[in-house]
Student: 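Have a look at this one.
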Amino acid sequence: MNEQIYIAEDEDGIRLTVKTFLESEGYVVSDFPNGDLLYDAFLNKQPDLVILDVMLPGRSGYEILDDLRADPALKSLPVLILTARGQDRERAQA
């Protein structure tokens, strides 16, 4: 298995826990403390999956997702949204 996953999460404990679990399952994981760093890496190499926290320093996960979806070739890129927020409006936005 060589699937590449990018994860942007500003809380180190959450980010490293998710990364460790995914790597134990055979995935190649690159982790970033903010979405801007993830997006910069994305411009060099596109992963098979992106995991985004909503509340990130700098641009939010929503803004990063908008940037990714602006490219028609990336409309089908799988993206998982992480959030501690539970309001229906925010779930619908994601």
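Bear in mind the structure is a predicted one, so any value in this text is a computation, not a measurement.
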Student: List the steps, then state whether side chain to side chain contact (heavy atoms under 4.5 Å, CB included) holds for E9 with V18.
Tutor: CA-CA 10 Å; E9 166 62 60; V18 172; over 6 Å; no
Student: Would a hydrophobic clustering, with Ile, Leu, Val, Met, Phe, Trp and Tyr connected at side-chain separations under 4.5 Å, put M55 with L16?
Tutor: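 Looking at the clustering, L16 is in a separate group from M55.
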Student: Please find the pair of heavy atoms, one from A41 and one from Y6, that lie closest to each other, and give the distance.
Tutor: O-OH, 3.6 Å
Student: Under a 3.5 Å distance rule, please check whether E11 uses its side chain to pair with a backbone N or O of G13 as donor and acceptor.
Tutor: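 No; zero donor-acceptor contacts below 3.5 Å.
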Student: Do the non-hydrogen side-chain atoms of Y39 and E63 ever get within less than 4.5 Å of each other?
Tutor: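 Side-chain contact under 4.5 Å: no.
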Student: How long is the straight-line distance from CG of L38 back to CG of L68, given to the nearest 0.5 Å?
Tutor: 7.0 Å
Student: What's the shortest heavy-atom distance between Q4 and V29, and which atoms?
Tutor: NE2-C, 4.0 Å
Student: Are L49 and I7 side-chain neighbours, meaning at least one heavy-atom pair lies under 4.5 Å?
Tutor: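 Contact flag for L49/I7 side chains = no.
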Student: Write down the atom of L74, the atom of R69, and the distance for their closest heavy-atom approach.
Tutor: O-NH1, 2.6 Å
Student: For D31 and R15, which heavy atoms make the closest approach, and how far apart are they?
Tutor: OD2-NE, 2.8 Å
Student: List the atom of T83, the atom of D53, and the distance in Å for their closest heavy-atom pair.
Tutor: CA-OD1, 4.3 Å
Student: When rounded to the nearest 0.5 angstrom, what distance separates CG in D12 from NZ in K19?
Tutor: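 Reported to 0.5 Å precision, the distance equals 11.5 Å.
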Student: Enter the distance from T17:OG1 to L22:CG here, rounded to the nearest 0.5 Å.
Tutor: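 Result: 11.0 Å between the selected atoms.
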Student: Between atom CG of L77 and atom CG of D71, what is the distance when rounded to the nearest 0.5 Å?
Tutor: 10.0 Å
Student: Rounded to the nearest 0.5 Å, what separation is found between the CG atom of L56 and the CG atom of D10?
Tutor: 5.5 Å
Student: List the atom of S60, the atom of V54, and the distance in Å for their closest heavy-atom pair.
Tutor: CB-O, 3.5 Å
